[in-house]
Amino acid sequence: MKVQKNTIVSLKYRLTDAQDNLIEESAGPMIYLHGGYDGTFPKIEEAVDGHDVGYETTIQLEPADAFGDYDPELLKIEPRSRFPEPLEVGMQFEGLLDDDQTPVEEEDDDDPLIYTVTDLAEDKVVLDGNHPLAGLALKFWLVVSDVREATEEELEDGHPQGAFGLDVDDESDMDIDEEPPAPPVVQRPTLH
């Protein structure tokens, strides 16, 4: 069976930056519903569309086709007192704060920003709301490992049952609370 709209596609992949430095290699396949359901990047769908199991390719995605350009507006400095202790570089928190350091409503509640602690000072915390791969050109080595027809339920849900593909939005469904003052800690999912 060929990869086409409304098929469930399994891809083995290896992700590197433009200089071939390994970022992630799949332990298991990335599984997604093919045909514009946002289970993976459109350029990946385009690269494997019409091909059979065993098809292998390498593609490069520019930032605009992957996790976007780096946005310096998403860099925030917050009072350390707003965060739980122990606090470490690499911890992630969900939410968006305005210039007055208060939570604000986001335009799309389905895609809240995840902020990563990038630096710590005695009384300040530097947070970055950019995806860790924002601004990078990425190379994907891909192999189509399986293709099957999607079930009616999968088509209705817009994703494979029991499996999820590349998390393009890379965000969770938690909401920020004004109380307590510390935003919730979230774990960022991997690419599959």
Side-chain angles (χ1 to χ4, degrees), residues 1-71 74 92 94 106-114 116 129-175 184-192:
M1 172 175 260
K2 291 190 181 300
V3 175
Q4 59 189 342
K5 185 167 178 66
N6 299 334
T7 57
I8 301 296
V9 179
S10 298
L11 296 174
K12 293 179 187 175
Y13 71 92
R14 182 172 47 248
L15 173 62
T16 64
D17 63 16
Q19 292 75 39
D20 291 322
N21 296 308
L22 183 65
I23 296 171
E24 183 175 350
E25 190 160 5
S26 62
M30 170 178 56
I31 304 170
Y32 74 96
L33 175 57
H34 189 82
Y37 294 93
D38 296 328
T40 191
F41 295 117
K43 294 284 186 180
I44 289 177
E45 285 200 17
E46 185 180 309
V48 299
D49 191 61
H51 294 283
D52 296 307
V53 171
Y55 176 71
E56 181 178 339
T57 189
T58 300
I59 62 170
Q60 181 164 319
L61 277 62
E62 296 305 315
D65 298 321
F67 293 102
D69 290 321
Y70 187 86
D71 183 355
L74 296 178
Q92 296 176 323
E94 181 177 312
E106 295 184 47
E107 291 178 21
D108 186 355
D109 289 339
D110 292 336
D111 297 325
L113 285 174
I114 303 296
T116 302
N130 287 284
H131 187 282
L133 300 178
L136 295 178
L138 303 172
K139 284 186 185 178
F140 280 90
W141 167 82
L142 305 164
V143 175
V144 178
S145 58
D146 191 38
V147 181
R148 66 170 174 81
E149 288 186 34
T151 66
E152 289 299 321
E153 186 177 0
E154 289 170 326
L155 292 173
E156 187 177 304
D157 292 345
H159 61 80
Q161 296 302 306
F164 296 91
L166 185 63
D167 193 353
V168 173
D169 296 324
D170 201 34
E171 310 296 348
S172 73
D173 294 329
M174 298 170 62
D175 293 324
V185 177
V186 273
Q187 297 295 322
R188 183 176 299 278
T190 60
L191 290 174
H192 63 286

- Item | Results of side-chain hydrogen bond (donor to acceptor under 3.5 Å, both in side chains) for Gln60 - residues two or more places apart only | Glu62
- Go through the structure and list residues passing side chain to side chain contact (heavy atoms under 4.5 Å, CB included) with Leu61, not counting sequence neighbours. Phe41, Lys43, Ile59, Asp65, Ala66, Phe140
- Message: Just to verify, what does Asp49 make a side chain to side chain contact (heavy atoms under 4.5 Å, CB included) with, not counting sequence neighbours?
- Response: His34
- Item | Gap between atom CG of Leu74 and atom CD1 of Ile114 - 0.5 Å precision | 12.0 Å
- Query: Do you know the tightest heavy-atom contact between Leu33 and Gly158?
  - Reply: CD2-C, 3.6 Å
- Message: Using the side-chain hydrogen bond (donor to acceptor under 3.5 Å, both in side chains) criterion, which residues pair with Gln4? Sequence neighbours excluded.
- Response: none
- Hey, is the main chain of Asp71 close enough, under 3.5 Å, to the side chain of Asn130 for a donor-acceptor pair? yes
- Message: Run the side-chain hydrogen bond (donor to acceptor under 3.5 Å, both in side chains) test against Asp52 and tell me which residues pass, sequence neighbours left out.
- Response: Lys2
- Message: Quick check for you: to the nearest 0.5 Å, what is the distance between Glu46 atom CD and Thr40 atom OG1?
- Response: 12.0 Å
- Query: Given Tyr32, which of Thr7, Leu11, Ile8 fulfils the side-chain contact (heavy atoms from CB on, under 4.5 Å) condition?
  - Reply: Leu11
- Message: With salt bridge (Lys or Arg N to Asp or Glu O under 4.0 Å) as the rule and sequence neighbours excluded, what pairs involving residues 133-148 come up?
- Response: Asp20-Lys139, Arg148-Glu154
- Residues that Tyr55 engages under ring pair (Phe, Tyr, Trp, His ring centres under 6.0 Å), provided they are two or more places apart: His51
- Message: Does anything in residues 3-15 form a salt bridge (Lys or Arg N to Asp or Glu O under 4.0 Å)? List the pairs, not counting sequence neighbours.
- Response: Arg14-Glu25
- Hey, what do you get for CG (Leu138) to OG1 (Thr16), rounding to the nearest 0.5 Å? 8.0 Å
- Query: Who are the side chain to side chain contact (heavy atoms under 4.5 Å, CB included) partners of Glu156, not counting sequence neighbours?
  - Reply: none
- Message: Please check: side-chain N/O of Glu45 versus main-chain N/O of Gly35, any donor-acceptor pairing under 3.5 Å?
- Response: yes
- Taking the side chain from Ser10 and the backbone from Ser145, do they hold a donor-acceptor pair closer than 3.5 Å? no
- Item | From Asn21 atom CG to Leu15 atom CG, the distance as rounded to the nearest 0.5 Å | 11.0 Å
- Item | Which residues share a side chain to side chain contact (heavy atoms under 4.5 Å, CB included) with Asp157, sequence neighbours left out | Glu153, His159, Gln161
